[in-house]
Amino acid sequence: MKKLFLSILVLGLLLSGSAYAKVKSKDITFPGKYYTKEIKSCSALPSRVKFNNVSTFKTIEDVIGYDWAKFHTETGNSLIVNHDVITVPGKLMLTAIQHAIANNNQTNLDRGKDLLLRIAKADTLYNSISYEELQKKPRCWVNNDPDSPCWYHEFEFAGQTFGNFMIAAIYLKSEFNEKELKEMNRYIEKMYKKFLKPIQFRKNGKGFYAMANGGLSTLVYASWTNDKKLAAKEINHTFNEIDRLFYKDGYINDNSFRGGRGQWYHSYGVNIALGYVYIAKLWGAEVPEKVQSKLVNSAKVVNLAITNHDKFAERKNPNGLARNRITSKENTQHHTHQMAIAIDTLMEIVVGIKLEHDPKYLQLRNKFHAPQGTDDLIGFNPNCIH
């Protein structure tokens, strides 16, 4: 009896130190369209981003078979990722497909389906560096040098963009015939095995980044394959990752301590975590209380960085100076991340906190990113939830 009591006590102590997410496959209900049960007309999606717009179509078409590996090697480093060549087509694709579905425009649905099939047949992005190859390369930010190569970015953005292509495929799944579905399955399976499966359920060393460190892309794959067991396992994993990487006061391991871009990367991570939690709840998951509490505090820190940046920056990194901290004045970004195009909406819906006025963020968001219609960091536009 004494041993049993001690075992229960130890288990209780272990569980109290983590989120202890316990979503089961029976809890999962795939909504059918990833972030919603039904795609409806949404004013947040720019009206010009449609497949019958020549510019939109051409931008998406240009990604077919694009050599991202070569381009990134020639143009990228640890600080700069010129990813628009692959991410913008992904965002436009998702926006244009939603317009086609909402308007029941069969011509545009066929155009979107044709583009997706051509992307698949060309094995687009497949030649990007694999996770195994990545282990043989030097880490990014060697000696805090922003000009040092960063092969991880090549891997990361290939996987992120593929995740968004899968969402597009889910939107159009009912449009594919048997032969076309077979082709999409072939492409999705080989991309999944190379870019998602190797990092599944891995404890990230530090930081919370695009598509929830690949977790959202895994959820998308689970939806495509109707694998509720995989979805539940992934949600439990990422809930526990949020609990591990987000400190009690809301700061994020790595993101919040990137020097001149600490605010920028903090809001980036919060946006993605909020987007992930929205999807998980929609799919049937119950959010652990510890995770919810940390997200509330992390949203408050987003606001603190806006209203009192010096106070935000006072928080010391528990792990010492980050290797990837931004130290030069010209590379500083003291504003909310402009690619988080609806973090204000997510904050109010998920944690009940209103985003403070951040003029620089609003200027950059509204000029460069909102016009594309989709937040590719999470795979949907939160302003289309309602």
Side-chain angles (χ1 to χ4, degrees), residues 34-35 42 44-46 81 83-84 87-88 90-92 94-95 153 156-157 160-161 163-164 167 207-217 238 242 245-246 250-252 254-258 260-280 294-307 309 312 326 332-386:
Y34 176 55
Y35 78 96
C42 173
L45 300 180
V81 195
H83 55 76
D84 282 0
T87 56
V88 169
K91 288 189 274 190
L92 297 181
L94 288 174
T95 301
H153 285 153
E156 177 187 26
F157 281 91
Q160 174 188 340
T161 303
N164 281 277
I167 296 170
F208 201 76
Y209 293 100
M211 295 297 272
N213 293 340
L216 275 171
S217 297
T238 296
I242 293 172
L245 294 168
F246 283 60
Y251 284 77
I252 311 173
D254 192 62
N255 293 61
S256 310
F257 306 100
R258 300 281 302 264
R261 292 191 181 183
Q263 175 183 8
W264 203 59
Y265 281 116
H266 175 84
S267 56
Y268 184 92
V270 172
N271 175 66
I272 294 162
L274 294 176
Y276 187 95
V277 165
Y278 175 81
I279 294 294
K294 288 184 176 184
L295 290 178
V296 168
N297 288 336
S298 72
K300 290 178 179 177
V301 173
V302 169
N303 281 339
L304 173 65
I306 296 169
T307 59
H309 191 275
F312 161 80
I326 310 299
T332 291
Q333 301 277 10
H334 282 179
H335 57 81
T336 305
H337 205 294
Q338 64 269 21
M339 290 178 67
I341 61 171
I343 188 174
D344 44 358
T345 298
L346 282 174
M347 281 173 56
E348 291 201 51
I349 288 176
V350 179
V351 294
I353 294 174
K354 187 177 179 64
L355 180 71
E356 294 285 351
H357 183 63
D358 186 344
K360 185 67 174 178
Y361 158 68
L362 293 173
Q363 176 195 0
L364 295 173
R365 174 190 79 172
N366 295 339
K367 183 176 182 180
F368 296 109
H369 299 284
Q372 293 159 356
T374 300
D375 181 344
D376 66 323
L377 305 175
I378 55 177
F380 67 102
N381 187 330
N383 290 322
C384 292
I385 285 171
H386 302 297

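Just so we're clear, the structure is a prediction, and the values are computed from it rather than from any experiment.
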Check: [X] side chain, [Y] main-chain N or O, donor-acceptor pair, under 3.5 Å:
{"X": "K294", "Y": "F246", "answer": "yes"}
{"X": "Y361", "Y": "A340", "answer": "yes"}
{"X": "Q263", "Y": "H335", "answer": "yes"}
{"X": "N255", "Y": "F208", "answer": "yes"}
{"X": "N213", "Y": "G207", "answer": "yes"}

Nearest non-hydrogen partners of A44 and C384, listed with the distance: CB-SG, 4.1 Å
For T238 and G215, work out which heavy atoms get closest and say how close. OG1-CA, 4.2 Å
If the plane angle is over 60° it's perpendicular, under 30° parallel, otherwise tilted; pick one for H266 and Y251. tilted
Positive for side chain to side chain contact (heavy atoms under 4.5 Å, CB included) with N381, one of D375, L45, T95: L45
Please say which of V277, V270, N271 ends up in a side chain to side chain contact (heavy atoms under 4.5 Å, CB included) with L274. V270
Nearest 0.5 Å, please: how far is [atom2] in [Y] from [atom1] in [X]?
{"X": "N303", "Y": "F312", "atom1": "CG", "atom2": "CZ", "result": "12.0 Å"}
{"X": "I167", "Y": "D376", "atom1": "CD1", "atom2": "CG", "result": "9.5 Å"}
{"X": "L94", "Y": "Q372", "atom1": "CG", "atom2": "CD", "result": "11.5 Å"}
{"X": "S267", "Y": "M339", "atom1": "OG", "atom2": "CE", "result": "11.5 Å"}

Stepwise, does the side chain to side chain contact (heavy atoms under 4.5 Å, CB included) test hold for S256 with V301? CA-CA 9 Å; S256 310; V301 173; 5.6 Å; no
How would you list all residue pairs meeting salt bridge (charged side-chain N to carboxylate O under 4.0 Å, His left out) that involve residues 298-307, not counting sequence neighbours? none
Checking D254 against Y265 for the side chain to side chain donor-acceptor pair (under 3.5 Å) test, could you report, in this order, the C-alpha distance in whole Å, the side-chain angles of both residues, the deciding distance, and whether it holds? CA-CA 9 Å; D254 192 62; Y265 281 116; over 6 Å; no
Residues at least two apart in sequence or cross-chain that pass side chain to side chain donor-acceptor pair (under 3.5 Å) with N164, listed by chain then number, are none
How would you list, by chain and number, every residue that makes a side-chain contact (heavy atoms from CB on, under 4.5 Å) with A210, sequence neighbours excluded? E156, Q160, Y268, L377
Go through I279 and Y35 one step at a time and tell me if the side chain to side chain contact (heavy atoms under 4.5 Å, CB included) criterion holds. CA-CA 6 Å; I279 294 294; Y35 78 96; 3.7 Å; yes
